[in-house]
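For ligands, and for the atoms within them, numbers begin at 1 and follow the listed sequence. Position 1 is the first residue of the sequence; numbering continues from there. Just so we're clear, the structure is a prediction, and the values are computed from it rather than from any experiment.
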Amino acid sequence: MPSMVPEQSLRFASPYTDSALAALVRRFGSPLLVVDCDVVRRQYRRLAAALPGVDLHYALKPLPERAVVETLAAEGAWFDLATTGEVELVQQAGIPASRCIHTHPIKRDADIRAALDFGVTTFVADNPDEVGKFQPYASRIELLLRVSFRSPAAVVDLSRKFGCDPESAPALIDLARGLGIRVAGLSFHVGSQSRTPDTKLRAIEACAAIIRERRGQGIAATATLDIGGGFPIDYLEPAMPIEEFCAPIRAALAALPPETRVIAEPGRYICGPAGTVLASVMGRAWRDGRWWYYLDDGLYGSFSGQLYDHARYPLRPLQPVAGPLQRSVLAGPTCDSIDVIAEDIELPTLQAGDILAGGQMGAYTVASATDFNFFPRARTVVVNR
Ligand SMILES: *Cc1c(COP(=O)(O)O)cnc(C)c1O
C-alpha cells in the first residue's frame, strides 16, 4: 500500500486555513488525504480523559498509517491488530509487541504464527474451532473470548458477524481450560459509530456477570474486559459528545469486580477527525437543470466509506467561491453511474480546478479505496508529526 506511507512531514497550523490546504494540493496534487497528528493526539487525550483507567488500544483498520501509530505510541497508547499486514506495520514502527493484542476472531495458522513471531501473546477467539487452533501454542498465549451483543443502534452492527452468545461463553471457557489455554478474559465490539452507549452498557453488565462467576475458575483471577471500539464522531449529523457517551460506561465499569483490567479498541474516534480529503473538480456539465461536478475522487476512492461505512461527510469548496448557492450534483471520476457522492448539495458555481474539502474523513475512507478505472486513490500527507 504505497499510498498509505507517510510521504511528507510538515509543521502546520491547525485548524488549517483554506489557503494552506490549497498550497498542499499545489505541492502534492489531488486527491489528497491530509492527516493531522495534532488532531490524533487531541482525540486520544480526550477519550483517555473520558475513560480513566482504561488502556486504549488503537484499532489500525480505519487508518493503517505509520505516522498515526508513532504519534499514538508517544502518547502511551496500545494497539489492536487484526491482520498480518497490521502486525508488520507496527513492527516497522518499532512498537513493542507487549503493547499489542490480536483481535481477529477468525485466523489462519499462518496469521497466528506471524503475530506470535512478532511477540504478541493475547488473541481473540469466539468459537470452538478457533479455540482449538491455539492448542499447539497453549503455553505461549492467552485468549480473550469474544461475546456478541446485537446493536440495532449502531450504524455498523459488528455483533452479527463475530462473537458467541453470552450463554455459550461458559462452554468455550471450559473448552479452553481443557486444552490448557489461559483465558485472560472477555471482549466484545458492539458495532461502529454507536449512537448511544446502551448496547455497551448491557454488554459490560453481562460480561461482568460471567467474570464474577468464572474468575479463578477458567477465567484468570486478574481478568481483562475488552469493551471494543465504536466511539462516535460527528459527520453531517452530530454525535453524542464523548464525555456524555462515556459517563455511563465509566459508572458501569466501576461496578466490575476489583482488579479487572479494562481495555478498549477505539479506531474511528482517534483518526476520523484527523483526516481531510481534498479533491479537485475535473470538469462539469449542466444536466437536467443543475450543475454536475466531476471530482478526481469518488465512491471507488476516499468516499468508499459512504458505501461501506454509511458515512456522510461535511463537504465545502476550499477557496471562497463567490455567488449564490445552487442545488448541485457531486460525482466521482469513474465511468460507473453508481459513482455519485451527493445528489443534492448546495454549492456555489464551481469551475474545473476548484478544490473541495471533505472533513472528518480520516477513518474508513482511503483505507477502503481502490484504483478502479485507473483513478489512483488519494495520496496521504501527514502534518504536525
Ligand atoms: C474495526 C474494529 C475496531 C474499531 O472500531 P471503531 O468503530 O472504528 O472504533 C475495534 N475492534 C475491532 C475488533 C474491530 O474490528
Side-chain angles (χ1 to χ4, degrees), residues 39-40 43-44 46-48 50-51 54-65 68-69 72 77-87 89-90 100-107 111 115 120 122-127 130 143-149 151 153-164 185-197 199-200 203 207 224-235 239-240 242 245-246 249 262-275 304-305 308-311 313 360-368:
V39 180
V40 169
Q43 292 295 105
Y44 176 84
R46 193 169 159 193
L47 184 57
L51 288 175
V54 178
D55 291 337
L56 301 181
H57 289 62
Y58 173 59
L60 268 72
K61 178 180 59 185
L63 184 62
E65 172 64 56
V68 171
V69 167
L72 289 168
W78 306 65
F79 298 93
D80 166 10
L81 315 175
T83 61
T84 299
E86 293 176 1
V87 169
L89 197 160
V90 294
C100 302
I101 60 175
H102 192 293
T103 65
H104 201 309
I106 307 288
K107 297 157 293 298
D111 300 317
V120 173
T122 302
F123 292 84
V124 167
D126 70 355
N127 71 78
E130 287 294 318
L143 289 182
L144 297 171
L145 299 181
R146 180 156 163 185
V147 188
S148 139
F149 301 90
S151 180
V155 176
V156 182
D157 180 1
L158 282 163
S159 281
R160 191 170 85 85
K161 186 164 171 182
F162 297 118
C164 69
L186 303 177
S187 79
F188 59 81
H189 185 52
V190 295
S192 206
Q193 186 67 6
S194 303
R195 288 195 186 90
T196 73
T199 311
K200 259 196 183 359
C207 288
T224 297
L225 178 61
D226 177 349
I227 64 170
F231 303 95
I233 63 170
D234 293 342
Y235 285 105
M240 190 184 278
I242 201 66
F245 188 90
C246 290
I249 296 175
V262 182
I263 69 179
E265 305 168 349
R268 178 194 310 277
Y269 186 81
I270 304 287
C271 64
S304 51
Y308 299 129
D309 191 40
H310 315 287
Y313 312 103
Q360 305 290 91
M361 285 192 72
Y364 306 108
T365 55
V366 176
S368 55

Exercise. Heavy atom under 4.0 Å from ligand 1: found in Arg146's side chain, backbone, both, or neither?
Worked result: side chain
For this session: For ligand 1, note which part of Val124 has a heavy atom under 4.0 Å away: side chain, backbone, both or neither.
Result: neither
Exercise. For Thr103, is at least one N or O under 3.5 Å away from an N or O on ligand 1?
Worked result: no
For this session: May I ask you to identify, for Glu265, whether its side chain, its backbone, both or neither come under 4.0 Å of ligand 1 on a heavy-atom basis?
Result: both
Exercise. Taking only heavy atoms of Arg268, which atoms of ligand 1 are found under 4.0 Å from at least one of them?
Worked result: 6 (P), 8 (O), 9 (O)
Exercise. Any side-chain heavy atom of Cys207 within less than 4.5 Å of one from Phe149?
Worked result: yes
For this session: Report yes or no: does Gly228 have a heavy atom closer than 4.0 Å to ligand 1?
Result: no
For this session: Give the numbers and elements of all ligand 1 atoms closer than 4.0 Å to a heavy atom of Gly230.
Result: 5 (O), 6 (P), 7 (O), 9 (O)
Seminar exercise, completed: Under 4.0 Å from one or more heavy atoms of Gly229, ligand 1 contributes atoms 9 (O)
Exercise. Counting N and O atoms only, with roles assigned by atom type, does the side chain of His189 sit under 3.5 Å from a partner on the main chain of Gly229, one being a donor and the other an acceptor?
Worked result: yes
For this session: Show which atoms of ligand 1 fall inside a sub-4.0 Å distance from at least one heavy-atom site of Ser192.
Result: 6 (P), 7 (O), 8 (O)
Exercise. Against heavy atoms of Lys61, which atoms of ligand 1 measure under 4.0 Å?
Worked result: 1 (C), 2 (C), 14 (C), 15 (O)
Exercise. Which one of Ile101, Asp55, Leu72 satisfies the side chain to side chain contact (heavy atoms under 4.5 Å, CB included) criterion with Trp78?
Worked result: Asp55
For this session: Using a strict 4.0 Å threshold on nitrogen-to-oxygen distance, state whether Lys107 and Glu130 make a salt bridge.
Result: yes
Exercise. Is Ala82 in contact with ligand 1, taking contact as a heavy-atom separation below 4.0 Å?
Worked result: no
Exercise. Does the Gln360 side chain pair with the main chain of Tyr313, one donor and one acceptor, at a distance under 3.5 Å?
Worked result: no
Exercise. So, do Val40 and Pro273 sit near enough that their side-chain heavy atoms are less than 4.5 Å apart?
Worked result: no
For this session: Measure from the side-chain N and O atoms of Ser194 to the backbone N and O of Pro197, and report whether any donor-acceptor pair falls under 3.5 Å.
Result: no
For this session: Using modelled atom types only, decide if a donor and an acceptor are shared between the side chain of Asp234 and the backbone of Ala239 within a distance under 3.5 Å.
Result: yes
Exercise. Distance under 6.0 Å and angle within 45° of the ring axis: does Lys200 meet both against Phe245?
Worked result: no
Exercise. Which value, rounded to the nearest 0.5 Å, describes the distance between Asn127 atom CG and Arg146 atom CZ?
Worked result: 12.0 Å
Problem set entry | Heavy-atom nearest neighbour of atom 5 (O) of ligand 1 within options His104, His57, Lys161, His189 | His189
For this session: Check if Phe162 has a non-hydrogen atom at a distance under 4.0 Å from any atom of ligand 1.
Result: no
Exercise. Where's the contact between Tyr364 and ligand 1, heavy-atom distance under 4.0 Å: side chain, backbone, both or neither?
Worked result: side chain
Exercise. Are any of the N or O atoms of Asp80 closer than 3.5 Å to those of ligand 1?
Worked result: yes
For this session: Check ligand 1 against Pro266 and write out every atom of the ligand that is under 4.0 Å from a heavy-atom position of the residue.
Result: 9 (O)
For this session: May I ask you to check if ligand 1 and Gly267 share an N or O to N or O distance below 3.5 Å?
Result: yes
For this session: With the side chain counted from C-beta on, respond yes when Phe231 and Ile270 share a heavy-atom pair under 4.5 Å apart, and no when they do not.
Result: no
For this session: Select one of side chain, backbone, both or neither to describe which atoms of Ala59 lie under 4.0 Å from any atom of ligand 1, heavy atoms only.
Result: side chain
